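Here's the structure, in structure tokens; my notes come after.
A quick note: this is a predicted structure, and the numbers were derived from the prediction, not measured. Throughout, protein chains are lettered first and strands after them, A, B, ... in sequence-line order, and every chain is numbered starting at 1.
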Amino acid sequence: MTDTPIADAPPIPDLPRDATQDGPAVRLYLVDGSGFIFRAFHALPPLTRKSDGLPIGAVSGFCNMLWKLLVDMKAQDDAPTHLAVVFDHSEKTFRNKLYDKYKAHRPPPPEDLVPQFPLVRDATRAFGVHSLELPGYEADDIIAAYACKVRDMGGEVRIISSDKDLMQLVGDRVFMLDTMKNLLIGREQVVEKFGVQPEKVVEVQALCGDSVDNVPGAPGIGIKTAALLINEYGDLDTLLARAGEIKQDKRRQTLIDFADQIRLSRQLVQLDCDTPLPSPIDDLRVAEPTAEVLAAFLEEMGLHTLGRRVASGGGGATAPAAPSTPAPRPTSVTDHGPIDVTKYVCVRDLETLDAWIAKAHAAGVIAFDTETDSLSSANAGLCGVSLAIAPGEACYIPVGHEHEGGLEFDAPADLTQITHDEVIARLKPLLEDPAVLKVAQNAKYDIAVLSRQGINVSPIEDTMLISYVLEAGLHKSHGMDELSKRWLEHEPIPFKQVAGTGKAQKSFKHVPLEPATCYAAEDADVTLRLYLLLRPRLITGGLLTVYETLERPMPAVLAQMEIEGIRIDPDQLARLSHDFSVRMTELEAQAYELAGRPFNLGSPKQIGEVLYQEMGLASKKTTATGAQGTDASILEDLAADGHALPRVLLDWRQLSKLKGTYTDNLAAAISPRTNRVHTSYALGATTTGRLSSSDPNLQNIPVRTEEGRKIRKAFIAEPGHVLISADYSQIELRLLAHVGDIPQLKKAFLEGQDIHAATASEMFGVPIEGMPAETRRRAKAINFGIVYGISAFGLANQLSIPQDEAGAYIKTYFERFPGIRTYMDRTKQAVRAQGFVSTIFGRKINIPAVYSKSQAERAFGDRAAINAPLQGAAADIIRRAMIRMPAALKASGLKARMLLQVHDELVFEAPEAEADALITLAKQVMEHAAEPVVALSVPLVVDARAAKNWDDAH
DNA sequence: TGCGTCACG
DNA sequence: GACGTACGTGACGCAA
């Protein structure tokens, strides 16, 4: 390398000015972003964010370099008018098609660097600088295309890079600038390096090859020889054509033998000036960063030093310091104009479709939505796809619309559509294009639907999850209609309006194209507007990492689990159902006998009449509405008093519950297509970060009673396979020990003690050895109570002891574990001060109840606030394990599948031979799921077991 | 549709 | 000492 510093140059030297006195209309600076990243990464020691250990060395270095560049630029009198940072794309480029070994020797990027790639793009945008990339092209090609274009327009270009491959672009108006080494590279410097003018650099490179990029070139020929030959023969084609004239035997033979390889090498190093421009040049105009956004980003990354420098001006942004609270919410967004559903386009021919797809590529960020003929994604057939490429610019592409039932007496409407296969073939490259961000509302559904069409949508974001991260606990729903009303002051067309309601509701494929277009395209339009409005708030709210690490990866993971489903033995369920029926009939007869008349055992109201009025039993409790209660605890009390009917009712209720909720309906839920049951997991549905399961709910399959476990035994593995259940032991109590910093609890967990016995021993001063079961049971109830925000009433109820006795236990507990009271007081104080609590991973849980006028509701809020950081952190941890699991399984070469999640348990199905390996792997991933972001002061312990059915595995 | 009840963590 | 009470879910059947 002939790096030649320019003598006595100022830090960033001035360019020779061959444009007009006022400078050219366009002076474009192009930053080789990928070069910046790798330099930053390798130049700096491994640096992690203090708050959670996220590696941010490259982000930090990148931000510093970018900031310095911006400051230095401004100081010059020939500051750029336009500016962009250009990134490589991770996927294969057209060069791999020419030569499959191109860059094949490159090792994958370091593990610590990978999560920083998206952050660096965020950083670029936070600095108010355009970020450019394009699939199938390297950053160098994009740089080449802009450089050529601007040069030909009469503008000036400066390429901030030290990559010698870019030297072919240097010319009278195009310079390279190596900011690290303070080098300005013009024609003269290129000639020094390559021995030829920039226009011939490609030909020299073609001859000498490049071992780093694995460009073969001609063996034995280096830069010096190559330059000599090119200068002698004028150009490469002439050289190769006249190779026979070369005097040196070896050199002549090499050029003849390797002529094709040399031509191929030229193609590989030649940058493509015809690369499409990802953004028009006009869009790259230099702009000031938004001070709040930049400050919030740096704060989020923990880059306080740079944050202060930026805030103080530093010659750069005029920004004041970041506000400590998020920007106030606008009541509406009018920047993008009103929503007008009549403007949407129905795409019915290939030409129009291709035009939309081209516009989508150019846009880089689009929203989409799939319309289907079913609510459950597992069986949904595709009716159409809508795309929004800009606010107000959206279309609907129908694929399966048809007339309903052939009852069309009038002339049938024209239903000409592009065929299903053609639409899928056209959309697949777009939806899988890594350079086009796809935004969806409830992405899990669309991922599942499109996965059945052979499309793996990526990269993808989810407005529902962004809203959830920002406002969990503030609203019951993060559905699109609510979000639209909340943020856009727009009420989307109700589904019922286009499809009808109740029994007359039709499948979406029978909805005429015009209303279907209005409805479907509006969804995409609204989703895109929501994304543009809400996504920046993740940064200003300090919640970007929560979204990126705990939410955004989930839809793909859950979609896969839902698609897998689990096998259930319908015959076993049918036998149980019959058994339960018979016994219920017997119990009914007994109940009528005892009551002296028939009545509906399923009616709490009628039970109340029989028990409290006709039989004259004393009702112990009333329900919320003042009715006399008949729940299990009351019936148990009455049974304990020696009454016969309550026992019969309890037994009947148990069987009725099992039959009604489980045996009958689980069998009905088996998909005829897969012979398995596919639940639906809801994200964004709970306040704490937990998932929920429905249709059917597989998170509440019975386990606590012998009868109930018979249902669990019907969950089975395929022949030759086993189910493996892996569950966290006492995770919430462990988190309490960590978060509340309770020395005795931590010690007990570190020593692997029986935590409830240890609690009892500490509280009552009795040894663990030979402890009565009742003593341990009480301590266990207290431990659970603590996690729930204990009250004397609740504990008394749980243990069936007087309230003052329960109060005494709590008092003792707080005396023995003073740290718990501190934690509870601290949490209550915090939630009343700010209205939310956070998990150790940064998830925010709003608890507006603490501001209620009702004292009872405020107390409710306090207890929820005590519980939420524990339940929420446990939810965060199992999410982290689930997100890592697919790659871990793949890396281990296991065929095992993750099927179910039950809050602290994961259920897998694996070939029998894999059982042991899977148990080891699942334990490893789950027990270390908090790392490296959080170093827990207590170990996480996972128990795992394999068996033919879920009950035996549990 | 709201309520009571009960299955789970 | 009030206040109603453990935290978080979903599904069922009844009664309106």
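We find that CD of A:Q855 is positioned 9 Å from C1' of C:dG4, with the value rounded to whole Å. Atom P of nucleotide B:dC6 and atom CD of A:E707 are separated by 16 Å, given to the nearest angstrom. In this structure, A:D804 atom CG and C:dT5 atom P are separated by 20 Å, rounded to whole Å. Computed from coordinates, the A:R709 CZ to B:dA7 P distance equals 13 Å when rounded to whole Å. When rounded to the nearest whole Å, the span between CG of A:L655 and C1' of B:dA7 equals 14 Å. Note: CG (A:N797) to P (B:dC6) measures 13 Å, nearest angstrom. In this structure, A:H954 atom NE2 and B:dA7 atom C1' are separated by 14 Å, rounded to whole Å. As rounded to whole Å, 17 Å separates atom P of B:dC8 from atom CD of A:E732.
Taking only side-chain nitrogens and oxygens, A:S854 never comes nearer than 4.0 Å to OP1 or OP2 of C:dC3. A sub-4.0 Å separation between OP1 or OP2 of C:dC7 and a side-chain N or O of A:R863 is present.
Rounded to the nearest Å, the gap between the C1' atom of B:dC6 and that of C:dC3 is 27 Å. Comparing C:dA6 with B:dT5, their P atoms sit 13 Å apart, to the nearest whole Å.
In this structure, A:F860 reaches the sugar-phosphate backbone alone: every heavy-atom distance under 4.0 Å involves primed, P, OP1 or OP2 atoms, never a base. Within the 4.0 angstrom heavy-atom criterion, no nucleotide atom of any strand lies near A:G708.
Salt bridge status for A:R597 with A:E614: present, with a side-chain N to carboxylate O gap under 4.0 Å. Here A:R879 pairs with A:E551 in a salt bridge; the nearest charged N to carboxylate O distance falls below 4.0 Å. The pair A:E706-A:R709 counts as a salt bridge, with a side-chain nitrogen and a carboxylate oxygen less than 4.0 angstrom apart. Using a 4.0 Å cut-off between charged side-chain N and carboxylate O, A:R690 and A:E732 make a salt bridge. Ion pair A:D876/A:R880 not flagged as a salt bridge, since none of the NZ, NE, NH1 or NH2 atoms sits closer than 4.0 Å to an Asp/Glu carboxylate oxygen. With salt bridges taken as basic N to acidic carboxylate O contacts below 4.0 Å, one links A:D741 and A:K746. Look at A:E774 and A:R777 and you find a salt bridge, because one of the NZ, NE, NH1 or NH2 atoms lies within 4.0 Å of a carboxylate O, short of that distance.
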How does protein contact run along nucleotides 9-16 of chain C, one letter per nucleotide 5' to 3', with B for base contact, S for sugar-phosphate only, - for none, heavy atoms under 4.0 Å? SBBS-SSS

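A donor-acceptor contact under 3.5 angstrom links the side-chain atoms of A:R704 to the base of B:dG9.
For B:dC3, the paired nucleotide is C:dG13, the pair qualifying as Watson-Crick or G-U wobble because both relevant distances are below 3.5 Å. Base pairing of C:dC3: no nucleotide in any strand meets the Watson-Crick or G-U wobble criterion (both distances under 3.5 Å).
Aromatic ring pairs are classed by plane angle as parallel below 30°, tilted from 30° to 60° and perpendicular above 60°; the pair A:H478 and A:H475 is perpendicular.
Side chain of A:A864, nearest nucleotide from C:dC7, C:dC3, C:dA6: C:dC7.
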